[in-house]
Amino acid sequence: PADAYPPSARAQAQQVRSKSEPAGPPPGVSPAGAAVRVGVAALVRSAAHPGCVLLNYRRGSVGTEALGTGSYGLPGGHLEYGEEWSECIERELLEEAGISPTSVSLGCVLNAVSSRIGARPGEDYHYVCVYMRA
């Protein structure tokens with residue numbers, strides 16, 4: 001039966017919002033201004049440093065979320081319109097670390113959706129995260 005499973009966090013958030021806010025777009029339609037963002041990051045290894053990976057210190061920048069500022073993470077950034085995943089990570093590695101990888105391959109792809117109960121407009125997100133090996 002359909003009610004045998006508890007509702008997902010997304011469904012719960014939609015139920016809470018529907019009780020406290022005016023009706024939004026129909027299911028499956030994103031709210032005005034919402035977009036799916038694509039981020040590309042690289043797991044960079046080097047024979048000169050076995051067992052290690054390259055990490056960047058996240059400083060944050062104007063116009064981006066403060067999420068992660070002051071922490072370490074894999075180098076990467078947002079995919080630009082018309083750009084291939086490999087082109088994106090080659091550009092980001094050159095910008096952030098001053099390196100040009102000799103080879104790039106797909107690691108994995110993650111679909112990250114956050115729809116929290118009681119979240120204010122703009123707090124929810126939908127990211128497609130592409131992890132590359134370099």
Practice problem: Tell me, with the steps shown, if His126 and Arg37 meet side chain to side chain donor-acceptor pair (under 3.5 Å). | Solution: CA-CA 6 Å; His126 186 173; Arg37 302 293 310 260; over 6 Å; no
Quiz item: For Glu92 and Gly76, which heavy atoms make the closest approach, and how far apart are they?
Solution: OE1-O, 3.4 Å
Practice problem: List the atom of Cys88, the atom of Gly77, and the distance in Å for their closest heavy-atom pair. | Solution: SG-O, 4.2 Å
Quiz item: Is the closest side-chain heavy-atom distance between Leu106 and Val130 below 4.5 Å?
Solution: yes
Quiz item: So do Arg91 and Glu80 actually touch side chain to side chain, heavy atoms under 4.5 Å?
Solution: yes
Quiz item: If you look only at pairs with a residue in residues 42-56, which of them pass as a side chain to side chain donor-acceptor pair (under 3.5 Å), with sequence neighbours excluded?
Solution: Asn56-Glu96
Quiz prompt | Value rounded to 0.5 Å, distance of CG in Leu93 from CE in Met132 | solution = 10.0 Å
Practice problem: With rounding to the nearest 0.5 Å, note down the distance linking CD in Glu90 to CD in Glu83. | Solution: 9.5 Å
Quiz item: Would you say Leu94 and Ile99 make side-chain contact, with heavy atoms under 4.5 Å?
Solution: no
Quiz item: Do Tyr131 and Leu74 have side chains that get closer than 4.5 Å, going by heavy atoms?
Solution: yes
Practice problem: Heavy atoms only: give me the nearest Val109-Trp85 pair and the separation to one decimal. | Solution: CG2-CH2, 3.9 Å
Quiz item: What are the two closest heavy atoms between Leu54 and Pro75, and how far apart are they?
Solution: O-CD, 3.5 Å
